[in-house]
2 protein chains.
Amino acid sequence: MTVPEGYDKYAYEPFAVTVDLAVFTVRAGTLQVLLVERGQEPYAGRWALPGGFVLPDESAEEAAWRELAEETGVTDVSGLHLEQLRTYSEPGRDPRMRVVTVAFAALFPDAPVPHGGGDAAQAQWLRFNAIGPLAFDHDRILADAHERVGAKLEYTCLATSFCPPEFTLGELQQVYETVWGTPLDRPNFRRKVLATPGFVEQVPGAARLTGGRGKPAALYRAGVATTLHPPLLRPTMEGRP
Amino acid sequence: MTVPEGYDKYAYEPFAVTVDLAVFTVRAGTLQVLLVERGQEPYAGRWALPGGFVLPDESAEEAAWRELAEETGVTDVSGLHLEQLRTYSEPGRDPRMRVVTVAFAALFPDAPVPHGGGDAAQAQWLRFNAIGPLAFDHDRILADAHERVGAKLEYTCLATSFCPPEFTLGELQQVYETVWGTPLDRPNFRRKVLATPGFVEQVPGAARLTGGRGKPAALYRAGVATTLHPPLLRPTMEGRP
DNA sequence: CGACTAATAGTCACTACGACCATAAAGGGG
DNA sequence: CCCCTTTATGGTCGTAGTGACTATTAGTCG
């Protein structure tokens, strides 16, 4: 009875399918998450991950891209990093009805749109470390997303997705430190990044940027590489979960 | 309009939600996949991944475990490795109706149940390399599952899930070689595995097993560790996709 | 008994990396 | 103007991990 003769003969129950987005950014040395405040029950007044229903003619990915644009107010979200995390389908996760949600993780570079765009109840950036209990099972989704992003920094060039088009190695290092919550040795980080071909490429025009005091730093762009071999592992926490 | 005032006011379309399983095993030095032959249109006569609908009162994970037991005919599937892969939701992936499927990857040790159990159209093991086009988008799901399993062998102790309770290091190495499709250097593999604390532990009673000719090998059990630090990387294919 | 097979042991060189120290180039305060 | 602070950048040194090999051991097969 696993594969029924025809789907219409099978007494399956239809589910609502939604997408939920864990959108991260690194701003001023802190990890921030895009959240919306719920207006009605259940969980009225609580913060929740932005999301919405998957429409009849779109995939979960398309719904996620659409929601990303709507919630951030950014018109051109292409170029941002968006990846599927996993699907949460526990029967009781929404008390009103059976809702299956496909969770996504997205990364935002700093510069644009300090807070929401034109809509009424737009989303806001909150510090990852100062987030109380979220609505539904969004705490777990957010924790899974954070772990995934942290892990991907180790073996992919994903960190540049948190940076503006041109950035210093110090800014890139701060992305790692902020997401991982661990300080890194600056010369060693520099050596590793520059030794990985295609991770970053220096902006040729001897361009330099100064955010304040200290020696001006060279500017880099994201390179063509997508993966890191060998990986850039976080400081030894023996058994990682 | 992203988060409606109430779900019942929102014109969402309900979807059917299914699970699909990519179940792997290593038998006789080949990678094999559990498949079922479709009996009716669409894709009648084609092979497909085992799967089925998520029932109203169960999560996708529970449905996957249930299907795993049903399709393999094995009563006790606890202890097997089963993990969620990702969700496939393209609108046209099932020509009959809108079906969103949560895909899982599962690993089977060799020994048990050479072919299906008691049901009528039971599943069969087919060589991974000799699989023609599958039904629906199952080729892509299977490819994604294979890539995921291969990647997880690098940084987890997952390979022991392909082995019987007691195994030789040669058998463990064959798991890696079969999944990756690459030969490995035997002394180096041995050194790496034994140098990782908690990966395997030797069966104390000087127990030895011989499958035929050659020096008898020591027997090992899976250890307590779950992750590999540092990872056991596949032979250098510079940029991995 | 000798050929063959597979497991196990050990060597050597090179790479990658953690922990440092040193220098260069900017601004700020006395 | 000099010194101190700050940040970027350039190195060194020792060690762990690993790829590429060679050698030895302990069985089966003919």
Side-chain angles (χ1 to χ4, degrees), chain A residues 28-29 153-155 163 166-178 180 182-203 206-220 225 227-238, chain B residues 28-29 153-155 163 166-178 180 182-203 206-220 225 227-238:
Chain A
L153 288 189
E154 288 189 320
Y155 59 95
C163 296
E166 298 190 344
F167 51 87
T168 69
L169 292 187
E171 292 167 348
L172 186 65
Q173 180 176 347
Q174 205 172 42
V175 168
Y176 277 90
E177 293 178 330
T178 303
W180 287 348
T182 322
L184 299 175
D185 181 81
R186 203 179 272 268
N188 288 342
F189 178 82
R190 175 184 192 74
R191 184 201 348 173
K192 174 67 182 176
V193 170
L194 295 180
T196 304
F199 191 0
V200 297
E201 56 178 33
Q202 192 166 0
V203 175
R208 287 163 181 277
L209 167 92
T210 171
R213 46 194 167 286
K215 179 177 177 179
L219 285 179
Y220 294 84
T227 58
L228 258 46
H229 281 286
L232 175 45
L233 298 171
R234 343 175 207 206
T236 31
M237 31 202 298
E238 290 307 67
Chain B
L153 288 189
E154 288 189 321
Y155 59 95
C163 296
E166 298 190 343
F167 51 87
T168 68
L169 292 187
E171 292 167 346
L172 187 65
Q173 179 176 348
Q174 204 172 43
V175 168
Y176 278 89
E177 293 178 330
T178 304
W180 287 347
T182 323
L184 299 176
D185 181 81
R186 202 178 272 270
N188 289 341
F189 178 82
R190 174 184 193 74
R191 178 189 18 170
K192 173 68 181 175
V193 170
L194 295 180
T196 304
F199 191 0
V200 296
E201 57 179 33
Q202 191 165 1
V203 175
R208 289 166 179 277
L209 167 94
T210 170
R213 45 194 166 285
K215 180 176 177 178
L219 285 179
Y220 294 84
T227 57
L228 258 46
H229 281 286
L232 176 46
L233 298 171
R234 348 180 201 200
T236 30
M237 31 201 300
E238 289 310 67

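Each chain gets a letter, A, B and so on, in the order its sequence line appears, and its residues count up from 1.
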**OP:** Kindly write out the residues that satisfy side chain to side chain donor-acceptor pair (under 3.5 Å) with B:Gln173, not counting sequence neighbours, or none if the list is empty.
**Re:** B:Glu177

Original post:
What are the two closest heavy atoms between A:Lys192 and A:Pro231, and how far apart are they?
Top reply: NZ-O, 3.6 Å

Subject >> Within residues 189-196 of chain A, residues whose heavy atoms come under 4.0 Å of DNA chain C >> reply: A:Arg191, A:Lys192

**OP:** Report the distance from atom CZ of B:Phe167 to atom C1' of C:dA7, rounded to the nearest whole Å.
**Re:** 16 Å

Original post:
To the nearest angstrom, how far is A:Gln202 atom CD from D:dA8 atom C1'?
Top reply: 12 Å

Original post:
Taking for each residue the nucleotide of DNA chain C bearing the nearest heavy atom, is the 5' side occupied by A:Pro231 or by B:Tyr220?
Top reply: B:Tyr220

**OP:** Using whole Å, report how far CD of A:Gln174 lies from C1' of D:dT7.
**Re:** 12 Å

**OP:** For A:Leu228 and C:dA16, give me the distance from atom CG to atom C1', rounded to whole Å.
**Re:** 13 Å

Original post:
Do the side chains of B:Trp180 and B:Glu154 get nearer than 4.5 Å, heavy atoms only?
Top reply: yes

Subject >> Per A:Asn188 side chain, nearest of listed nucleotides D:dG27, C:dC20, D:dT9 >> reply: C:dC20

Subject >> Most 5' of B:Leu232 and B:Pro187 on DNA chain D, judged by nearest nucleotide >> reply: B:Leu232

**OP:** Identify which nucleotide among C:dG18, D:dC21, D:dG27 has an atom closest to any side-chain atom of B:Asp185, counting heavy atoms from C-beta outward.
**Re:** D:dC21

Original post:
Is a side-chain N or O of A:Tyr220 found less than 3.5 angstrom from the main chain of A:Leu169, in a donor-acceptor match?
Top reply: no

Original post:
How many Å lie between NE2 on A:His229 and P on C:dA16, as a whole number?
Top reply: 13 Å

Subject >> Protein-nucleotide distance (A:Leu172, atom CG; D:dA8, atom P), rounded to Å >> reply: 12 Å

Original post:
Rounded to the nearest Å, what distance is computed from the NZ atom of residue A:Lys215 to the P atom of nucleotide C:dA22?
Top reply: 17 Å

**OP:** Check the distance between D:dT6's P and A:Gln173's CD and give it to me in whole angstrom.
**Re:** 17 Å

Original post:
What closest approach, in Å, do B:Pro197 and B:Ala225 show between heavy atoms, and which atom pair accounts for it?
Top reply: O-CB, 3.7 Å

**OP:** Would you mind telling me which of D:dG10, D:dG27, C:dA7 lies closest to the side-chain atoms of B:Arg186?
**Re:** C:dA7

Original post:
Closest approach of B:Val175 and B:Leu153, non-hydrogen atoms and distance?
Top reply: O-CD1, 4.5 Å

Original post:
Can you check whether B:Tyr155 reaches A:Leu233 side chain to side chain, under 4.5 Å on heavy atoms?
Top reply: no

